[in-house]
Peer 1: 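First the structure, which I've put down as structure tokens, then a few questions once you've had a look.
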Amino acid sequence: MTRKRLSTIVFIASMLISASAQAQQFEAVYSLHGVSSSEAEAAMEDLFSDPAMTDARVTLYAADFGVRDGSHKIVADFDSYAERMAREDKRRASHGWSRWQLAMLDAEFVAAEMVAVVADYGKPRHTAGYLLVYLVNVQDAGVYAAALKDMNDALGNPGVLRLVAMRSGSRAVTHAVLIGGDDFAAVNNYMDKLYASDAFRTFVSKVSDIRSVVHIESYRKVGAWGY
């Protein structure tokens, strides 16, 4: 067994162990269109006034650049599959959910996706006011994750760096890298620094044969509830 292969296996094992201890195991991501940010935020405020949403964790984002499907995304965090089942049952049976559906009657449901959290560097995703999302296709998840960690160790991040694995949808995209900071300027200033760095050139050299970038999107956080 080669040293590279052994290091990849060790890294994957460590990621599985750390993932079991994370507060946020996976995310449900819902894309909506045809609603304003103010309307969506007001509907979420009303929904979270219902006791059925106690301990639920949801973030609302508005599309900025590169987004092809939906004007807004709603991201719900779950610690386990069982938690998701229990929370969905409580939400659907609540008066708050009925009011939310009425308030969002004109919104078009575009898509629902499930993503598993692989690794977090920096702060939790919901803390970022602005989020850049790289949708990628990866053939060797262990090598890619290790290279991303090395890049973060070398250059840091603007506040948030999260790697997730897609658990639904087209297999054209296998993973997403989320880079977040306080605002548009903070994230893009970091990206300018990153693209010009030796750390990024080293990262590219490690992953160029196993990774292709499918799409790049960015979002502005409208609000977060339950965190």
Peer 1: Go through it in stages, so that I can follow the logic: the residues are E27 and R162, the test is salt bridge (Lys or Arg N to Asp or Glu O under 4.0 Å), and I'd like the CA-CA distance, side-chain angles, deciding distance and then a yes or no.
Peer 2: CA-CA 12 Å; E27 303 170 346; R162 168 173 283 194; 2.3 Å; yes

Peer 1: Through direct or indirect side-chain contacts below 4.5 angstrom among Ile, Leu, Val, Met, Phe, Trp and Tyr, which residues connect to M53?
Peer 2: Y30, L32, V35, M44, L47, F48, V58, L60, I74, W97, W100, M104, F109, V222, W225

Peer 1: If we count only N and O atoms by modelled type, under 3.5 Å, do the side chains of T127 and Y227 hold a donor and an acceptor together?
Peer 2: no

Peer 1: Just say parallel, tilted or perpendicular for the rings of F65 and F184, cut-offs at 30° and 60°.
Peer 2: tilted

Peer 1: Between R211 and V204, is there a donor-acceptor pair closer than 3.5 Å when you use the side chain of the first and the backbone of the second?
Peer 2: no

Peer 1: If I take atom OG1 from residue T174 and atom CD from residue Q139, how far apart are they, to the nearest 0.5 angstrom?
Peer 2: 7.0 Å

Peer 1: Find out whether I179 and Y134 are in side-chain contact, i.e. whether some heavy atom of one side chain is under 4.5 Å from a heavy atom of the other.
Peer 2: yes

Peer 1: If you draw a 6.0 Å radius around OH in Y81, do more than 12 non-hydrogen atoms from other residues or ligands fall strictly inside?
Peer 2: no

Peer 1: Taking M114's backbone N and O only, do any of them form a donor-acceptor pair with S168's side chain (distance below 3.5 Å, no angle check)?
Peer 2: yes

Peer 1: State whether the side chain of D55 and the backbone N or O of G226 hold a donor-acceptor pair below 3.5 Å, judged by distance alone.
Peer 2: no

Peer 1: Is there a donor-acceptor pair under 3.5 Å between the side chain of H33 and the backbone N or O of D69?
Peer 2: no

Peer 1: Which is it for M151 and K206 under the side-chain contact (heavy atoms from CB on, under 4.5 Å) test, yes or no, and what are the steps along the way?
Peer 2: CA-CA 10 Å; M151 188 180 74; K206 291 177 179 178; over 6 Å; no

Peer 1: Check whether more than 12 heavy atoms from other residues, nucleotides or ligands sit under 6.0 Å from atom CG of D192, and answer yes or no.
Peer 2: yes

Peer 1: Centroid-to-centroid, Y130 to Y61, below 6.0 Å?
Peer 2: no

Peer 1: Do other residues, nucleotides or ligands put more than 12 heavy atoms under 6.0 Å from H95 NE2?
Peer 2: no

Peer 1: What salt bridge (charged side-chain N to carboxylate O under 4.0 Å, His left out) pairs are there with at least one residue in residues 100-117, not counting sequence neighbours?
Peer 2: none

Peer 1: Check whether the side chains of E39 and S36 place a donor and an acceptor atom closer than 3.5 Å, and report yes or no.
Peer 2: yes

Peer 1: Answer yes or no: does atom CZ of R167 have more than 12 heavy-atom neighbours from other residues, nucleotides or ligands under 6.0 Å?
Peer 2: no

Peer 1: Using the side-chain hydrogen bond (donor to acceptor under 3.5 Å, both in side chains) definition, which of the options H126, Q25, R125 pairs with D77?
Peer 2: R125

Peer 1: Check each of L155, L148, D198 against F203 using the side chain to side chain contact (heavy atoms under 4.5 Å, CB included) test, and report the only one that passes.
Peer 2: L148

Peer 1: Hey, what's the ring geometry for Y144 with H175, parallel, tilted or perpendicular (30° and 60° as the breaks)?
Peer 2: tilted

